[in-house]
Amino acid sequence: MPTRKRYWLMKSEPNTYSYADLVRAGRTSWEGVRNYQARNLLRDEVKLGDEVLFYHSSCDPPGAVGICRVVREGYPDHTAFDEASPYYDEKSDPEKPRWYMVDVEPVRALTRTVTLEELKAQAKRLGDFALIRKGNRLSVIPVSAAQWKVILALEQARSDDT
DNA sequence: GCCAACGTTGGC
DNA sequence: GCCAACGTTGGC
């Protein structure tokens, strides 16, 4: 029996790669994750068919902008082997890769950006959520089914309807 | 194994 | 551009 679909949130700086870029491309590999905790999730936990909130970071305003789906499970991030890549890591050996990535394709853009500010305002409803924990820097974050529902309900709510 | 120095993330 | 928070590195 297949395991139940899980949900994730993954951050990208829109200057580097935006949700619109993903829509244009039709599919992308989620390359360049260089953090062990996030790597472990990509390698071991993120599964085919899981759904992902595409989050724009380091922009104004930061927030969730779209949904995508995992179409390939964790496999070695080959940009780590490519000296020309900004993600090159000489310590990642093709025989024993240090970094992993998944492939995703777009599902739909959110009708509006669900901002970090709004998510923080819903902290009570969201419960423990790594995105809004103080000092959080994780770029691949687990989202529970309940949190997923809250966030998509926020999308439907008017932004002045808090 | 400790911890200071350093680099990065990411909101503001 | 600033800086707090955090992760990594490397000397000891």
[X] [atom1] to [N] [atom2]: how many Å, rounded?
X	N	atom1	atom2	answer
Trp99(A)	dG7(C)	CH2	C1'	10 Å
Asn136(A)	dC3(C)	CG	P	22 Å
Lys11(A)	dG10(B)	NZ	C1'	7 Å
Arg34(A)	dG7(B)	CZ	C1'	16 Å
Ile132(A)	dG10(B)	CD1	C1'	16 Å
Asn15(A)	dG10(B)	CG	P	13 Å
Leu138(A)	dA5(C)	CG	P	18 Å
Leu119(A)	dC12(B)	CG	C1'	17 Å

Among [options], which nucleotide sits nearest the side chain of [X]?
X	options	value
Leu116(A)	dG11(B), dG7(C), dT9(C)	dG11(B)
Gln37(A)	dG11(B), dG7(C), dT8(C)	dG7(C)
Pro62(A)	dG10(B), dG11(B), dT9(C)	dG11(B)
Arg98(A)	dG10(B), dT8(C), dT9(C)	dT9(C)

Return no unless some side-chain N or O of [X] is found under 4.0 Å from OP1 or OP2 of [N].
X	N	value
Tyr55(A)	dG11(B)	yes
Lys134(A)	dA5(C)	yes
Lys120(A)	dG11(B)	no

Hey, mind stepping through Thr111(A) and Glu155(A) against side-chain hydrogen bond (donor to acceptor under 3.5 Å, both in side chains) and telling me if it holds? CA-CA 7 Å; Thr111(A) 55; Glu155(A) 178 200 7; 3.2 Å; yes
Aromatic ring proximity, centroids under 6.0 angstrom, Trp30(A) and Tyr100(A):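 Between Tyr100(A) and Trp30(A), the centre distance exceeds or equals 6.0 Å.
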Show me the pairs that pass side chain to side chain donor-acceptor pair (under 3.5 Å) and involve residues 65-75 of chain A, at least two apart or across chains. Arg69(A)-Glu105(A), Tyr75(A)-Asp103(A)
Just by distance, no angles: are the side chains of Asp21(A) and Ser18(A) close enough, under 3.5 Å, to form a donor-acceptor pair?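 Side-chain D/A pair, Asp21(A) to Ser18(A): present.
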Quick one: which of Arg39(A), Arg34(A), Arg98(A), Arg43(A) gives a salt bridge (Lys or Arg N to Asp or Glu O under 4.0 Å) with Asp77(A)? Arg34(A)
